[in-house]
Amino acid sequence: MSATYGTRRPSNDRILTTTTWGRRLALLALVTLLTAGLSLADRKGYKLSKDLDALKGGKAGATVDVIIQFKQKPTAAHHQKVRNKGGALKTKFDFIKAAHYSVPVEALDALANDPDVAYISPDRKVRGTAAMAPVITAVNADIATSQGWDGTGIGVAVIDSGVGTVDDLNSDGNSNPSRVVYSQSFVPGDASTADAYGHGTHVAGIVAGNAYDSTSLQNYLYVYRGIAPRANIISLRVLDGTGASVDSSVIAAIQQAISLQSTYNIRVINLSLSRGVYESYMVDPLCQAVESAWQAGIVVVAAAGNMGEYDGAGTNGYATIGAPGNDPFVITVGATNTHGTGLQSAQTVTSYSSKGPTTFDHIVKPDLVAPGNAVVSLLASPNTTLITEYPALAIFPCDASGLNCGSQVGPANYMRMSGTSMAAPVVSGVAALLLQQNPSLTPDQVKARLMTTAWQGFGQYTSATNLGTGVTFTIVQDMFAVGTGSVDAAAALSSTYLAPPTVGSAMSPTAVFDPATNSVSISGAPGTVWADPIVWGNSVIWGNSVVWGNSVVWGNSVVWGNSVVWGNSAVSGNSVVWGNEYVW
């Protein structure tokens with residue numbers, strides 16, 4: 001495996017179009033509407049829909065698109081009769097004995113009086129409200145929502161590039177105050193809390209977007225709803241308009257989140273950012289800051305980083321977890337690709353998702369993975385840096401047919417992005433649901449429950465092609481790539497597993513390399529759930545689909561013998577990746 005790891009590049013995994021499903025759903029809804037109209041016509045003997053009736057008497061010469069259903073499959077003679085009334089045939093729907101026409105409004109009564117006509121209705125707009133975005137269904141968040149868990153009352157601090165004023169982050173109906181309840185900038189010399197970069201709004205939408213624009217304002221192929229659509233957002237801006245930041249800004253934001261904890265019920269901090277690891281987490285100030293938040297009772301979720309393709313040290317992308325995701329307290333999240341299906345079982349690890357163990361400390365990371373490839377979420381504004389530099393990221397609405405989408409229909413309110421930055425807020429949203437259900441859970445209990453209920457159906461190998469370079473990567477989906485598996489909202493909410501409430505009880509274990517046998521074992525710190533063989537020793541946590549063979553890790557891959565991974569030098573210590581966190 002080899003590739004040059006750039007700071008910005010196209011998404012590394014293949015993106016599948018969702019147009020086909022959008023068409024099927026639109027057609028299904030159309031058939032349902034037409035069937036309902038037909039039964040009404042048969043019952044009342046009236047063949048013109050009420051909304052068409054209302055058009056009569058309007059502007060002379062006006063035309064309207066209609067669906068005319070016949071009592072038999074329409075023939076050329078039927079189509080000609082419509083033409084004789086000034087109509088034009090657009091599409092045949094022989095399978096439902098109907099056709100789509102454009103007809104003069106004044107011809108409606110005459111057409112309805114034709115004894116061969118069963119019913120006439122307008123070509124109504126059909127919104128794909130039944131189609132959830134693939135991320136939602138892949139983590140079973142749709143099941144959680146159907147059970148009433150939506151993040152109500154939970155505050156999630158998004159430490160990022162700011163959060164814009166957008167419809168989907170307002171309260172239900174878009175008529176109440178914004179759910180972005182607090183905003184503050186920690187960017188030196190820039191007090192603006194607006195999202196100039198465009199990343200933080202996207203992240204906040206994954207956590208808590210309520211899909212207002214994709215269900216009420218415009219016609220989109222999917223409903224772009226966040227995981228916890230009624231959670232509140234506390235926006236703490238640390239990334240400037242170029243996506244850059246420094247430790248001090250992030251640490252100051254974490255400190256403010258702790259101070260505002262009781263005011264806004266902040267239970268989760270999302271950190272979709274990272275940098276290189278230069279020393280042990282025990283002395284890294286950024287890691288110490290996230291530990292302070294954890295000890296204060298706030299769940300901290302951090303992106304693993306996007307260095308999975310890095311092979312500069314010959315490690316096949318191993319030992320590339322960034323800080324503060326290298327800290328054993330926090331929940332570190334890698335990225336999967338759902339391949340456009342929305343199926344949990346379709347997930348594979350992306351090529352760019354950073355892999356453990358961590359440098360210096362050899363902590364088993366990531367803890368979990370979640371969908372993070374081609375994720376559609378909120379667009380802050382058309383003037384942000386990301387959408388200006390990468391206009392192809394914009395997701396535009398569609399016309400009533402669902403077949404034509406673009407700027408000619410309306411402005412974009414969403415955008416598509418890839419990276420572990422997108423996977424982390426998925427887990428933050430699930431954590432918010434769990435805390436809504438169980439407010440007394442400690443951060444360690446949340447982490448342990450999410451890890452013990454993770455989906456573990458990954459195969460041993462997968463492959464992914466970087467569309468920018470054309471390089472295909474073979475990926476071993478072991479515990480250093482997927483952790484305990486992919487987050488599962490429904491399973492976590494159904495679980496009754498309760499780890500000890502003490503701080504540190506769910507600290508991620510350490511991987512211990514034995515050079516004599518070229519194998520790796522897991523060592524949990526005393527007092528942690530991972531130190532109990534009942535929990536992980538029998539593949540309850542590190543399942544057979546994740547870890548292969550009789551030993552904890554199987555054998556002779558280069559990673560197990562590579563001195564760079566197991567030594568004291570950092571693989572990517574000279575790669576500051578604040579801006580490298582975001583994959584295009």
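For clarity, every value in this text was computed on a predicted model and none was experimentally measured. All residue numbers refer to positions in the sequence shown, counting from 1.
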Verify, without hydrogens or angle tests, whether [X] (side chain) and [Y] (backbone) share a donor-acceptor contact under 3.5 angstrom.
X      : Y      : result
Ser428 : Asn270 : no
Asn265 : Gly153 : yes
Gln437 : Leu493 : yes
Thr453 : Arg449 : yes
Ser354 : Thr320 : yes
Thr484 : Met451 : yes
Ser418 : Ala374 : yes
Ser421 : Ser272 : yes
Ser353 : Thr350 : no
Ser249 : Phe186 : yes

Is any side-chain heavy atom of [X] less than 4.5 Å from a side-chain heavy atom of [Y]?
X      : Y      : result
Val135 : Val426 : yes
Val139 : Pro371 : yes
Leu386 : His202 : no
Gln445 : Tyr497 : no
Phe396 : Val409 : no
Ser351 : Ile475 : yes
Leu434 : Leu450 : yes
Pro324 : Leu271 : yes

Could you tell me the separation between the [atom1] atom of [X] and the [atom2] atom of [Y], rounded to the nearest 0.5 Å?
X      : Y      : atom1 : atom2 : answer
Thr388 : Leu393 : OG1   : CG    : 10.5 Å
Cys398 : Asn219 : SG    : CG    : 6.0 Å
Asn210 : Asn170 : CG    : CG    : 7.5 Å
Trp149 : Ile143 : CH2   : CD1   : 15.0 Å
Thr215 : Asp168 : OG1   : CG    : 7.5 Å
Ser245 : Leu273 : OG    : CG    : 7.0 Å

So which atom in [X] and which in [Y] form the shortest heavy-atom distance, rounded to 0.1 Å?
X      : Y      : value
Ala394 : Ile387 : N-CD1, 3.5 Å
Met415 : Gly198 : SD-O, 4.1 Å
Arg179 : Ser171 : CG-OG, 3.9 Å
Thr341 : Ala346 : OG1-CB, 3.2 Å
Tyr281 : Glu291 : CD1-OE2, 3.3 Å
Leu236 : Ala253 : CD1-O, 3.3 Å

Anything under 3.5 Å between a donor and an acceptor, one on a side chain of residues 292-303, the other on a protein residue two or more places apart or in another chain? List them.
{"residue": "Ser292", "atom": "OG", "partner": "Gln288", "partner atom": "O", "Å": "3.1"}
{"residue": "Trp294", "atom": "NE1", "partner": "Asp444", "partner atom": "OD2", "Å": "2.9"}

Q. Can we say Arg237 and Asp190 salt-bridge, meaning some charged N sits less than 4.0 Å from an Asp/Glu carboxylate O?
A. yes
Q) Are any of the side-chain nitrogens in Arg275 or Asp247 under 4.0 Å away from the carboxylate oxygens of its partner? A) yes
Q: Any chance you could lay out the side chain to side chain donor-acceptor pair (under 3.5 Å) test for Lys447 and Ser505, step after step, and finish with the verdict?
A: CA-CA 10 Å; Lys447 179 179 179 179; Ser505 66; over 6 Å; no
Q: Give the intermediate values and the outcome of side chain to side chain donor-acceptor pair (under 3.5 Å) for residues Thr338 and Gln347.
A: CA-CA 5 Å; Thr338 68; Gln347 293 180 91; over 6 Å; no
**Q.** Test side-chain contact (heavy atoms from CB on, under 4.5 Å) applied to Tyr182 and Leu260, step by step
**A.** CA-CA 9 Å; Tyr182 182 89; Leu260 295 172; 3.4 Å; yes
Q. Once the angle between the rings of Tyr414 and Tyr220 is folded into 0 to 90°, is it parallel (under 30°), tilted (30 to 60°) or perpendicular (over 60°)?
A. perpendicular
Q) Where does the angle between the aromatic ring planes of Phe480 and Tyr318 fall among parallel (under 30°), tilted (30 to 60°) and perpendicular (over 60°)? A) perpendicular
Q: Quick one: do Val156 and Ile266 satisfy side-chain contact (heavy atoms from CB on, under 4.5 Å)? Show the steps, please.
A: CA-CA 6 Å; Val156 179; Ile266 298 175; over 6 Å; no
Q: Could you please spell out the steps behind the side-chain contact (heavy atoms from CB on, under 4.5 Å) verdict for Val158 and Ile269?
A: CA-CA 6 Å; Val158 175; Ile269 289 176; over 6 Å; no
Q: Could you go through the side chain to side chain donor-acceptor pair (under 3.5 Å) check for Tyr352 and Asn466 one step at a time?
A: CA-CA 9 Å; Tyr352 50 79; Asn466 183 316; over 6 Å; no
Q. Please, which pairs that meet salt bridge (Lys or Arg N to Asp or Glu O under 4.0 Å) have at least one residue in residues 144-156, sequence neighbours excluded?
A. Asp150-Arg230
Q: Any chance you could lay out the side-chain contact (heavy atoms from CB on, under 4.5 Å) test for Val375 and Arg416, step after step, and finish with the verdict?
A: CA-CA 5 Å; Val375 177; Arg416 176 186 288 113; over 6 Å; no
Q: Show your working on side chain to side chain donor-acceptor pair (under 3.5 Å) between Ser161 and Asp195 and close with a plain yes or no.
A: CA-CA 6 Å; Ser161 62; Asp195 186 3; 2.7 Å; yes
